[in-house]
Amino acid sequence: MNRALQTLQERGFIQQCTDLEGLSALMDKGPVTFYVGCDPTGPSLHIGHMVPFFALRHLHEAGHIAIALIGGGTARIGDPSGKTEMRKMLTYEQIDENSERIRKQLDAFIGFDGKTAFTANNKDWLANLNYIDFLRDIGVHFSVNRMLSFEAYRKRMETGLTFIEFNYQLLQSYDFLQLYDRYGCRLQIGGDDQWGNIVAGIELIRRIRGVETYGLTFPLVTTSDGKKMGKTEKGALFLDPALTSPYEFFQYWRNVTDADVKRFLLMFTFLPVSECETLGSAKDSAINRAKERLAWEVTALIHGKEEADKALQAARALFGKGGATGDADAVPTHRIPAKRIEQGILAIDLFVESGLCPSKSEARRLIQQGGAFVNEEKVTDLERILDSTLVQDGILLLRAGKKRYVRVRVE
RNA sequence: GGGGAGAUUCCCGAGUGGUCAAAGGGGGCAGACUGUAAAUCUGUUGGCUCAGCCUUCGUAGGUUCGAAUCCUACUCUCCCCA
């Protein structure tokens, strides 16, 4: 098999391929132009979006030409694949803003050079589409019967599916056609939920242009206990540091289950396969160290080495001997005026204010259950008042439960 | 257009006049055990000025000493027929 494909396979990327042999032969002949699509329905990508882009990097590094397609046009209607609810509609302005942010995030990860790796936006050909022409040229090639047999649409038949969403597949197929016409794109890669849409695009190109193109999908990554990966208390694990701080990002990977370490190392880092295997097969304290490595590697890829180092140091300070405030700069920090702490502040209030507890009732519960700590000292009194005698170097360290820390900086 | 069913707390889902902040499960959180893991066990899970009070059972009114439960209108969803 082709080297690049082999790499993807070894690393656990390949779920389905329309024609693995044919694709391998094509890739052996020379650089293949391929694309990954991504709809800008939110202000930031999250880690769940990244699998195809890690694959993109592998292929790009193997000399193939990568297009990241931003769905500025398709985002206007929303993809029903894998969703059980209808998407809320975004304004065009929001979509354009999201598109730009996502393009920047991808640029940071991939490094677009405009030649061997670049972006396209389907808004360019979808926004002013002529409805009648589209139906004549594209619509005729789609069978409603067939579309209804797809799982994605069938599920939605139960809950409600609007006509515009139903058209999503045509638009995505049209994207592939456009990219083929414009850039000679022969391969579309994406999450396995895109399988139906990818195949539809391939068939469209075969009918209209008589050319064979290919599709390759990746498994939907879940944690070994079956949950969607990248979920945190706050929601998804975003790439935008303003939404998920590098420290939180680091902690997510640091806390991955043993059984997931190998798989995640292979998919979310670029460490050699052999090293991933060794690290991921370790047991006990060794696997625990492997998680630290995993966390550092992924954080470095997304946020840079400097941030990864800071997160690592913070985590070690907090979880190492306990109570360290020195090297923990990356820990989420809440600021509070000195005056307030001088006057004394109710522990309950500070836990709420710092974001560790969503309400005072929760804070009370936390204290009652023995999960609230100030400077690693358990808070036992619901009426506990914190004052300036607790402040060390302008810092007060709050902890909720075992792992959630917030530093309160007095200024 | 006609007929039927339904809308309950984060989710699923009981509840059909007071004993309901509302069973049970899931999820979340906390504690024990550990390796910042998993599994397991225990507790907890609307808010607050917390032995009390306030707000929640699709929305708005009404009946009643008292409503998630009864009545009226409205909105939305699903199913069957056209």
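Labels below follow one simple rule: chain letters A, B, ... track the order of the sequence lines, proteins then strands, and each chain is numbered from 1. For clarity, every value in this text was computed on a predicted model and none was experimentally measured. Values below: all heavy atoms of this structure, side chains included; hydrogens, waters and symmetry mates excluded.
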Tell me the partner of [N], counting only Watson-Crick (N1-N3 plus N6-O4 or O6-N4) or G-U wobble (N1-O2 and O6-N3) with both under 3.5 Å; none if nothing fits.
N	answer
rG6(B)	rC76(B)
rG18(B)	rC65(B)
rA30(B)	rU42(B)
rG1(B)	rC81(B)

Practice task
Among Leu171(A), Leu179(A), Asp175(A), find the residue that satisfies the side chain to side chain contact (heavy atoms under 4.5 Å, CB included) test when tested with Asn122(A).
Solution key: Asp175(A)
Handout entry: Leu350(A), Leu397(A), Leu396(A) screened by side chain to side chain contact (heavy atoms under 4.5 Å, CB included) with Val374(A), the one that passes
Key = Leu396(A)
What is the distance, to the nearest angstrom, from the [atom1] atom on [X] to the [atom2] atom on [N]?
X	N	atom1	atom2	result
Gln251(A)	rU36(B)	CD	P	11 Å
Leu294(A)	rG35(B)	CG	C1'	15 Å
Asp258(A)	rU34(B)	CG	C1'	11 Å
Ile367(A)	rG31(B)	CD1	P	13 Å
Arg399(A)	rC29(B)	CZ	C1'	15 Å
Asp284(A)	rU36(B)	CG	P	12 Å
Leu318(A)	rG35(B)	CG	C1'	17 Å
Asp260(A)	rA37(B)	CG	P	14 Å

Could you work out the separation of [N] and [M] based on their [atom1] atoms and round it to a whole Å?
N	M	atom1	answer
rG26(B)	rG58(B)	P	25 Å
rA7(B)	rU16(B)	C1'	15 Å
rU59(B)	rC20(B)	C1'	22 Å
rG61(B)	rU49(B)	C1'	33 Å
rA67(B)	rC57(B)	P	13 Å
rG24(B)	rU72(B)	C1'	34 Å
rA68(B)	rG6(B)	C1'	15 Å
rU9(B)	rG46(B)	P	13 Å

Exercise for the section: Report yes if the side chains of Leu45(A) and Leu106(A) come closer than 4.5 Å at any heavy-atom pair, otherwise no. Expected result: yes
Practice task
Measure distances between side-chain N and O atoms of Glu292(A) and base N and O atoms of rU36(B), and say whether any donor-acceptor pair falls under 3.5 Å.
Solution key: no
Exercise for the section: Identify, between Lys283(A) and Phe373(A), the residue whose nearest nucleotide on RNA chain B lies closer to the 5' end. Expected result: Phe373(A)
Completion exercise
Residue pair Leu366(A)/Asn288(A) against RNA chain B: nearer the 5' end by closest nucleotide is Leu366(A)
Exercise for the section: Compute both the distance and the angle, then confirm whether Arg76(A) meets the cation-pi test with Tyr92(A): under 6.0 Å from the six-membered ring centre, within 45 degrees of the axis. Expected result: yes
Exercise for the section: Using the ring of Phe34(A) (Phe, Tyr or Trp, six-membered ring only), decide whether Arg186(A) places NZ or CZ under 6.0 Å from its centre and within 45 degrees of its axis. Expected result: no
Exercise for the section: Test Phe54(A) against every option in Phe270(A), Phe264(A), Phe13(A) by the ring-ring contact (aromatic ring centres under 6.0 Å, His included) rule and name the one that passes. Expected result: Phe270(A)
In terms of side-chain geometry, is the basic nitrogen of [X] or [Y] positioned less than 4.0 Å from the acidic oxygen of its partner?
X	Y	value
Glu100(A)	Arg103(A)	yes
Asp258(A)	Lys291(A)	yes
Lys310(A)	Glu306(A)	no

Fill in the blank from the handout: Taking rG35(B), rG31(B), rA38(B) as options, the one with an atom nearest any side-chain atom of Ile287(A) is rG35(B)
Exercise for the section: Report which part of the nucleic acid Ala400(A) touches: base, sugar-phosphate, or nothing (heavy-atom distance under 4.0 Å, all strands). Expected result: sugar-phosphate
Practice task
Could you check whether Val261(A) gets within reach of a base, just the sugar-phosphate, or nothing at all, counting any heavy atom under 4.0 Å?
Solution key: nothing
Handout entry: Below 4.0 Å: OP1/OP2 of rU34(B) and any side-chain N or O of Lys403(A)
Key = no
Restricting to nitrogen or oxygen on both sides, can you table the protein-nucleotides 44-48 of chain B pairs closer than 3.5 Å?
residue	atom	partner	partner atom	Å
rU44(B)	O4'	Gln369(A)	OE1	3.2
rG47(B)	OP1	Ser359(A)	OG	3.0
rG47(B)	OP2	Arg365(A)	NH2	2.9
rC48(B)	OP1	Lys360(A)	N	2.9
rC48(B)	OP2	Lys360(A)	N	3.4
rC48(B)	OP2	Ser361(A)	N	2.6
rC48(B)	OP2	Ser361(A)	OG	2.5

